[in-house]
Q: 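Pasting a structure here, questions to come.
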Amino acid sequence: MALPSSRKVTKVVIPVAGMGTRFLPATKALPKELLPVVSKPIIHHIIEEAVKAGLETVVLVTSRPKVVIEDYFDPGDLTSYRLAESHKEKLIEEVLYLSSKIDIVSIRQYKPMGLGHAILRAKPIVEGQPFAVILGDDIMKCSGPSAIHQCLNVFQERGEGSVVGAVQVEREATRLYGVIDPAPSIEDIKKGSWRLKDFVEKPDPAEAPSEWALPGRYVFEPEILEELQNAGPGKNGEIQLTDSMQKLQARKPFWACALEGERFDTGDRLGYIMANVAYALEEESTHHALRTWLSRQLAR
Ligand code: G1P
């Protein structure tokens with residue numbers, strides 16, 4: 001069935017302006033988005049997720065030290081003659097594939113004024129149409145449809161409103177995330193999505209309305225930009241995306257999509273190491289040796 005044109009989503013906004021202070025000194029001269037998870041940078045995994053969902057335009061909201069992220073996807077650097085001579089093309093095939101599937105547009109966020117402000121910077125490119133957002137801290141490893149694809153499916157099924165991806169976390173971890181109110185019923189989980197009443201940004205775990213957190217996957221109706229435009233500073237004096245989502249939620253539905261897949265918080269050191277181990281255990285070239293080494297380490 002053809003989609004109503006007003007529900008067709010082709011663009012994804014990916015904010016990459018953040019300084020990556022949690023990974024200093026590694027991020028002193030290299031954007032955190034280019035740190036590798038096995039052989040591919042974090043941003044490669046994120047854009048792969050978008051491409052798997054059929055999204056066509058990636059809007060990077062960048063800051064000054066982040067121009068190299070665009071270079072990473074520039075085929076000009078990748079088709080170099082020496083690679084061809086030494087038969088190493090295979091190594092870069094996947095980047096060339098991604099570059100051929102998407103257009104990358106970038107816009108600057110001159111000052112770190114919060115996630116809401118970063119999304120609002122994309123307004124000239126996404127205005128008047130629904131759009132997806134992926135935050136790069138969490139990598140979602142999915143055997144079925146990619147995480148943002150799952151959200152887009154709910155966006156089409158529901159026919160009205162915006163969608164957020166949701167994952168269940170330990171109660172203690174709710175302090176790190178936007179948290180959903182209410183928790184889903186068993187029926188909701190079976191259906192895969194449910195209607196929300198509210199969001200709470202980084203609650204005290206004892207007061208969190210549920211253990212369902214936002215890992216940074218959203219599909220918004222265009223009205224979110226109006227709310228962001230009118231938003232004043234929230235927590236930490238920054239324009240918070242969650243505040244504008246709360247406002248929009250008062251007049252348009254919001255749905256949570258229970259994401260199927262394994263989540264790695266690569267913005268956190270332990271999560272980053274776990275992601276590397278998980279992906280390396282899946283690669284043919286590293287699987288056996290790594291398993292043997294890990295079991296020896298654990299037996300010590
Ligand atoms: C942001 C959002 C939060 C979300 C999180 C996911 O927080 O404000 O709602 O759960 O990203 O990574 P940040 O991690 O930027 O502080």
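Values below: every heavy atom of this structure, side chains too, minus hydrogens, waters and symmetry copies.
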Q: Can L228 be reached from V126 by stepping across I, L, V, M, F, W or Y side chains whose heavy atoms are under 4.5 Å apart?
A: yes
Q: Per the side chain to side chain donor-acceptor pair (under 3.5 Å) rule, what does the pair list look like for residues 117-135, sequence neighbours excluded?
A: Q109-H117, K123-Q229
Q: Only counting residues at least two apart or in another chain, list the ones meeting side-chain hydrogen bond (donor to acceptor under 3.5 Å, both in side chains) with Q240.
A: none
Q: Using side chain to side chain contact (heavy atoms under 4.5 Å, CB included) as the criterion, list what pairs up with E282, not counting sequence neighbours.
A: K141
Q: Should Y218 and L241 count as side-chain neighbours, where that means a heavy-atom distance under 4.5 Å?
A: yes
Q: Any heavy-atom pair between the side chains of P31 and V68 that's under 4.5 Å?
A: yes
Q: Test of understanding: with side-chain hydrogen bond (donor to acceptor under 3.5 Å, both in side chains), list the residues that count as partners of E260, not counting sequence neighbours.
A: none
Q: Testing W212, F254, W255 one by one against W194 for a ring pair (Phe, Tyr, Trp, His ring centres under 6.0 Å), which residue passes?
A: W212
Q: When you look at F73 and L60, which way does the side chain to side chain contact (heavy atoms under 4.5 Å, CB included) test go after all the steps?
A: CA-CA 12 Å; F73 290 99; L60 294 176; 5.8 Å; no
Q: Checking the side chain of R7 only, and the main-chain atoms of F155 only, is there a donor and an acceptor separated by less than 3.5 Å?
A: yes
Q: Kindly indicate, with the supporting measurements, whether the criterion side chain to side chain contact (heavy atoms under 4.5 Å, CB included) is fulfilled by E283 and V38.
A: CA-CA 9 Å; E283 276 209 13; V38 188; 3.7 Å; yes
Q: Can you run down the salt bridge (Lys or Arg N to Asp or Glu O under 4.0 Å) pairs that involve residues 146-159, sequence neighbours left out, and say none if there aren't any?
A: none
Q: Is it the case that more than 12 heavy atoms not belonging to R108 sit under 6.0 Å from its CZ atom?
A: yes
Q: So, using side chain to side chain contact (heavy atoms under 4.5 Å, CB included) as the criterion, who are the partners of A50 when residues are at least two apart?
A: V12, L55, I134
Q: Which salt bridge (Lys or Arg N to Asp or Glu O under 4.0 Å) pairs, counting each pair once, include a residue from residues 51-68, with sequence neighbours left out?
A: E33-K66
Q: Please name the residue in the list E160, E223, E227 that meets the salt bridge (charged side-chain N to carboxylate O under 4.0 Å, His left out) test with R251.
A: E227
Q: Going by the ring pair (Phe, Tyr, Trp, His ring centres under 6.0 Å) test, which pairs reach into residues 273-300, not counting sequence neighbours?
A: H45-Y279
Q: Under 4.0 Å between a side-chain nitrogen and a carboxylate oxygen: does that hold for R175 and E172?
A: yes
Q: Do the non-hydrogen side-chain atoms of V61 and V16 ever get within less than 4.5 Å of each other?
A: no
Q: Check this for me: does any side-chain nitrogen of one of D137 and R22 sit under 4.0 Å from a carboxylate oxygen of the other?
A: yes
Q: Are I46 and V67 grouped together when hydrophobic residues (ILVMFWY) are joined by side-chain heavy atoms under 4.5 angstrom apart?
A: no
Q: Enumerate the salt bridge (Lys or Arg N to Asp or Glu O under 4.0 Å) contacts for residues 36-49, please, sequence neighbours excluded, ordered by first and then second residue.
A: K40-E48, K40-E94, E49-R217
Q: Quick one: does D74's side chain have a donor or acceptor within less than 3.5 Å of a partner on E70's backbone?
A: no
Q: Is the number of heavy atoms from other residues, nucleotides or ligands under 6.0 Å of I186 CD1 greater than 12?
A: no
Q: Quick one: do V58 and L34 end up in the same hydrophobic cluster if we chain Ile, Leu, Val, Met, Phe, Trp and Tyr together by side-chain heavy atoms under 4.5 Å apart?
A: yes
Q: Under the side-chain hydrogen bond (donor to acceptor under 3.5 Å, both in side chains) rule, collect the residues that match up with D188, sequence neighbours excluded.
A: S185
Q: Side chains of D204 and E207: closer than 4.5 Å at any heavy-atom pair?
A: yes
Q: Which residues pass the side chain to side chain contact (heavy atoms under 4.5 Å, CB included) test with V167, sequence neighbours left out?
A: M140, V169, P215, L259, R263
Q: Can you name the side-chain hydrogen bond (donor to acceptor under 3.5 Å, both in side chains) partners of Q249, sequence neighbours left out?
A: none
